[in-house]
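Take a look at the structure set out below.
All ligand and atom numbering here is 1-based and tracks the order in the structure.
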Amino acid sequence: MEQEMNVMPRIGDMAPDFKAMTTRGEIQFSEFIKGSWTILFSHPADFTPVCTTEMSGFALREEEFTKMNTKLIGLSIDSIHSHIAWVNNVHEKLGVMMRFPIIADIDMKVSKLYGMLQPGESETAAVRAVFFIDPVGKIRLIMYYPLNVGRNMDEIIRALQALQVSDEHKVALPLDWRPGDKAIVPPPKTVEEMEERMKSDYEMIDFYLAKKQV
Ligand code: BEZ
């Protein structure tokens with residue numbers, strides 16, 4: 001069977017640009033993302049249960065994202081009318097308002113551009129993707145979940161915090177890192193740096209594994 005080759009954006013790539021209609025009007029993505037962090041996330045379909053829990057989850061925590069200088073933008077392969085009806089329905093039934101824009105990707109243009117359409121999972125619905133895009137427009141982290149498993153909002157926020165702390169302090173973050181935990185100091189690149197490190201007050205397992213409070 002011939003497989004359609006889909007070039008997927010990767011970590012470190014600049015976020016591909018596009019123009020799209022959203023629940024908040026037309027956007028040029030390169031303009032939308034300029035100067036702030038952006039989380040672009042897809043859901044398989046409006047008016048479906050797992051998606052409703054996830055999208056209302058994003059809405060409930062939007063303020064936390066705003067405090068982290070981060071914009072939210074959703075997407076599914078549905079019409080703008082479907083999105084509007086669903087936003088209204090979720091507001092009525094759950095009392096939660098999805099204020100962030102949701103892209104109506106009815107022609108699948110953006111889904112294909114971002115590798116959200118994964119035919120082995122579904123030919124017609126986007127998988128549950130999350131793209132973390134930094135203020136210069138670079139893709140920094142990507143998550144893909146299948147149709148039948150909802151994402152974890154705490155992990156999305158933790159990953160964003162980790163990216164921001166890593167950038168600010170030039171450190172790496174270990175397994176299960178949470179804000180307030182020590183961070184990993186990048187390994188020394190020269191013998192001199194290694195000797196310097198041995199004299200430091202870092203928490204040190206060995207010269208290549210050292211932690212400090214940030
Ligand atoms: C859901 O959100 O519940 C869902 C959507 C598409 C396929 C399976 C589940």
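Residue-ligand proximity: M55 is placed with every non-hydrogen atom at 4.0 Å or more from ligand 1. Residue contacts with ligand 1 include P49, since one or more of its heavy atoms lies under 4.0 Å from the ligand.
The single protein non-hydrogen atom nearest to atom 1 (C) of ligand 1 is V50 N, 3.3 Å, given as residue, atom name and distance. For atom 2 (O) of ligand 1, the nearest non-hydrogen atom of the protein is C51 N, 2.8 Å. The protein heavy-atom contact nearest to atom 4 (C) of ligand 1 is R128 NH2, 3.5 Å.
The T48 neighbourhood of ligand 1 comprises atoms 1 (C), 2 (O), 3 (O), 4 (C), 5 (C), with distances under 4.0 Å to a heavy atom of that residue. Applying the 4.0 Å criterion to heavy atoms of P44 picks out, from ligand 1, the atoms 5 (C), 6 (C).
Atom CD1 of I102 is separated from atom OG1 of T22 by 8.5 Å, given to the nearest 0.5 angstrom. Note that NZ of K71 is 14.5 Å distant from CZ of F100, once rounded to the nearest 0.5 Å. Atoms CD1 and CD, from I33 and Q28 in turn, are 10.5 Å apart once rounded to the nearest 0.5 Å.
Classification of the H43-W86 ring pair by plane angle, with boundaries at 30° and 60°, yields tilted.
Inspection of the D78 and H81 side chains reveals no N or O donor paired with an N or O acceptor under 3.5 Å.
Between F132 and I156, some side-chain heavy-atom pair lies under the 4.5 Å cut-off.
Between L147 and ligand 1, no N or O atom pair is found at a separation short of 3.5 Å.
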